[in-house]
Peer 1: 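One structure coming up, written as structure tokens, with questions to follow.
For reference, positions follow the sequence shown, starting with 1. These figures come from a predicted structure and were not determined experimentally. Computation of the quantities below employed the complete heavy-atom set of this structure, encompassing side-chain atoms and omitting hydrogens, waters and symmetry-equivalent molecules. Just so you know, ligand 1 is whichever comes first in the structure, and atom 1 is the first atom listed for that ligand.
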Amino acid sequence: MTSNGSQGRQLLIATHNDGKLREFVTLLRDVPFSLTSLLEQGVSEEVEETGTTFQDNAIIKAQAYSQLTGLLTLADDSGLEVDALGGDPGVYSARYGSEGLNDEGRVDLLLHNMRGVPWNLRSARFRCVIAIAAPNIEPVTVEGTVEGIIQYEPAGDGGFGYDPVFLLPQKGLTTAQLPMDEKNSLSHRGQAAQKAAALFRDWPAS
Ligand code: ITT
């Protein structure tokens, strides 16, 4: 996928979500590893996310895909917590509503479930926990959070998932209205990836 003078050391970005993958490839472009994907490794298995926290699920995914491939592996578990919904959809963000929904359907459901919620009670945050695992190491985790407000209507066609309704008050724009580099510089995933990149810069040779 990418190569940057890494002398053959590979890092698997273990996600089936294309939006996440695009962001990680940009965020981790300077780490001293060649980045590879599940697609490139021929891995189509979906690991079951049986945890109840972002941290548990991130570790479950990173460990499972590193066992499957033997590679140093990074996975994230992330999602949207909406205060007016008691923190939902949270760890179930990708599975909110019925199985058949796509991103747009989940955004519609979210707005439906928030109808009547006034502006001052529409606070929310994206959370991301990244886990790094390899067959011979204890998993390591790092995390990031970004605060926002759930807009009444979707706006923007960048990003993925709930980005079209996630307003960054300091920008006056949703995360779907920002160029990817700008979203990455502020986002939950961007913050967690910066911490991960710092770990990778000093990663011991195996
Ligand atoms: P993998 O498990 O294969 O990585 P996934 O999409 O199932 O893919 P998660 O279980 O971590 O990943 O669910 C994350 C969901 O949270 C994602 O599908 C979106 O609905 C939402 N989400 C996370 N980060 C987001 C972001 O930056 N922008 C918009 N929505 C986001």
Side-chain angles (χ1 to χ4, degrees), residues 12-28 37-39 41 43-66 68-69 73-82 85 87-111 124-133 141 143-151 154-168 173-193 196:
L12 172 65
I13 310 298
T15 178
H16 289 293
N17 180 319
D18 290 340
K20 271 190 198 181
L21 183 63
R22 277 195 296 275
E23 291 182 6
F24 274 130
V25 168
T26 303
L27 284 162
L28 298 173
S37 64
L38 291 173
L39 188 68
Q41 295 300 317
V43 176
S44 55
E45 283 92 334
E46 288 271 359
V47 170
E48 207 187 334
E49 298 180 25
T50 51
T52 53
T53 64
F54 293 117
Q55 167 138 352
D56 285 350
N57 283 334
I59 291 173
I60 287 169
K61 288 189 265 190
Q63 282 191 314
Y65 290 117
S66 99
L68 273 169
T69 60
T73 299
L74 174 151
D76 99 5
D77 199 57
S78 48
L80 178 70
E81 290 177 352
V82 178
L85 300 177
D88 282 350
V91 292
Y92 304 104
S93 293
R95 294 168 270 171
Y96 194 42
S98 67
E99 284 281 319
L101 289 185
N102 59 12
D103 279 353
E104 208 180 306
R106 280 186 285 272
V107 165
D108 286 348
L109 176 65
L110 180 73
L111 291 178
R125 67 206 53 75
F126 277 129
R127 282 192 196 283
C128 171
V129 176
I130 287 176
I132 302 163
T141 59
E143 51 188 85
T145 306
V146 61
E147 299 285 331
I149 306 224
I150 303 303
Q151 285 201 163
D157 52 16
F160 65 95
Y162 301 91
D163 282 327
V165 286
F166 190 81
L167 179 79
L168 292 169
L173 295 171
T174 68
T175 37
Q177 292 175 299
L178 297 179
M180 192 209 286
D181 275 341
E182 214 173 325
K183 176 184 170 188
N184 280 348
S185 71
L186 298 162
S187 76
H188 53 317
R189 185 165 299 99
Q191 293 174 37

Peer 1: Give me the nearest non-hydrogen protein atom to atom 3 (O) of ligand 1 as residue plus atom name, then the distance to 0.1 Å.
Peer 2: His16 N, 2.8 Å
Peer 1: If the cut-off is 4.0 Å to any non-hydrogen atom of Thr15, which atoms of ligand 1 fall inside it?
Peer 2: 1 (P), 3 (O), 4 (O), 8 (O)
Peer 1: Crowded around Asp157 CG? As in, over 12 foreign heavy atoms under 6.0 Å?
Peer 2: no
Peer 1: Mind listing the closest non-hydrogen atom pair of Ala75 and Ala14 along with its distance?
Peer 2: CB-O, 3.8 Å
Peer 1: In Å and rounded to the nearest 0.5 Å, what is the OG to CD1 distance from Ser37 to Ile13?
Peer 2: 9.0 Å
Peer 1: Do the ring planes of Phe166 and Phe126 sit parallel (below 30°), tilted (30 to 60°) or perpendicular (above 60°)?
Peer 2: tilted
Peer 1: Is there a nitrogen or oxygen of Glu23 sitting under 3.5 Å from a nitrogen or oxygen of ligand 1?
Peer 2: no
Peer 1: Using a 4.0 Å cut-off to any heavy atom of Lys61, which atoms of ligand 1 qualify?
Peer 2: 1 (P), 2 (O), 4 (O), 9 (P), 10 (O), 11 (O), 12 (O)
Peer 1: Hey, is Leu80 one of the residues with a heavy atom under 4.0 angstrom from ligand 1?
Peer 2: no
Peer 1: Any idea which atoms of ligand 1 are less than 4.0 Å away from a heavy-atom of Asp163?
Peer 2: 26 (C), 28 (N), 29 (C)
Peer 1: Could you give the distance from CG (Asp108) to CG (Leu101), rounded to the nearest 0.5 Å?
Peer 2: 8.5 Å
Peer 1: Measure the spacing between OG1 of Thr175 and CD of Gln177 and express it to the nearest 0.5 Å.
Peer 2: 9.0 Å
Peer 1: Quick check on contacts: which atoms of ligand 1 are under 4.0 angstrom from a heavy atom of Asp77?
Peer 2: 9 (P), 10 (O), 11 (O)
Peer 1: So for Gly79, does at least one of its heavy atoms come nearer than 4.0 angstrom to any atom of ligand 1?
Peer 2: yes
Peer 1: What is the closest protein heavy atom to atom 14 (C) of ligand 1, and at what distance does it sit?
Peer 2: Ser78 O, 3.1 Å
Peer 1: Is there at least one pair of N or O atoms, one from Arg189 and one from ligand 1, spaced under 3.5 Å apart?
Peer 2: yes
Peer 1: Below 4.0 angstrom, N of the basic side chain to O of the carboxylate: do Lys183 and Asp163 qualify?
Peer 2: yes
Peer 1: Examine distances only and state if a side-chain atom of Gln191 and a backbone atom of Thr145 form a donor-acceptor pair shorter than 3.5 Å.
Peer 2: yes
Peer 1: Identify the protein heavy atom lying closest to atom 16 (O) of ligand 1, giving its residue, its atom name and the separation to 0.1 Å.
Peer 2: Ser93 CB, 3.3 Å
Peer 1: Within the 3.5 Å criterion, strictly below it, is a donor on Ser78 or Arg127 matched to an acceptor on the partner's side chain?
Peer 2: no
Peer 1: Should Lys183 be counted as touching ligand 1, given the test is an N or O pair under 3.5 Å?
Peer 2: yes
Peer 1: What is the nearest protein non-hydrogen atom to atom 7 (O) of ligand 1, stated with its residue, atom name and distance?
Peer 2: Ala94 CB, 3.5 Å
Peer 1: Counting only heavy atoms closer than 4.0 Å, does ligand 1 sit against the backbone of Lys20, its side chain, both, or neither?
Peer 2: side chain
Peer 1: Atom 10 (O) of ligand 1: which of Glu49, Arg127, His188 has the nearest heavy atom?
Peer 2: Glu49
Peer 1: For atom 25 (C) of ligand 1, which candidate among Phe160, Phe166, Tyr162 holds the nearest heavy atom?
Peer 2: Phe160
Peer 1: Suppose I only count heavy atoms of Gly161 and a 4.0 Å limit; which atoms of ligand 1 are within that range?
Peer 2: 29 (C), 30 (N)
Peer 1: In the protein, which heavy atom is nearest to atom 6 (O) of ligand 1, and how far is it?
Peer 2: Asn17 ND2, 2.9 Å
Peer 1: Quick one, Thr141 with Ile59, criterion side-chain contact (heavy atoms from CB on, under 4.5 Å). Give me CA distance, side-chain angles, the key distance, then yes/no.
Peer 2: CA-CA 8 Å; Thr141 59; Ile59 291 173; 3.8 Å; yes
Peer 1: Considering the options Asp56, Val91, Asp77, which one meets the side chain to side chain contact (heavy atoms under 4.5 Å, CB included) requirement together with Glu49?
Peer 2: Asp77
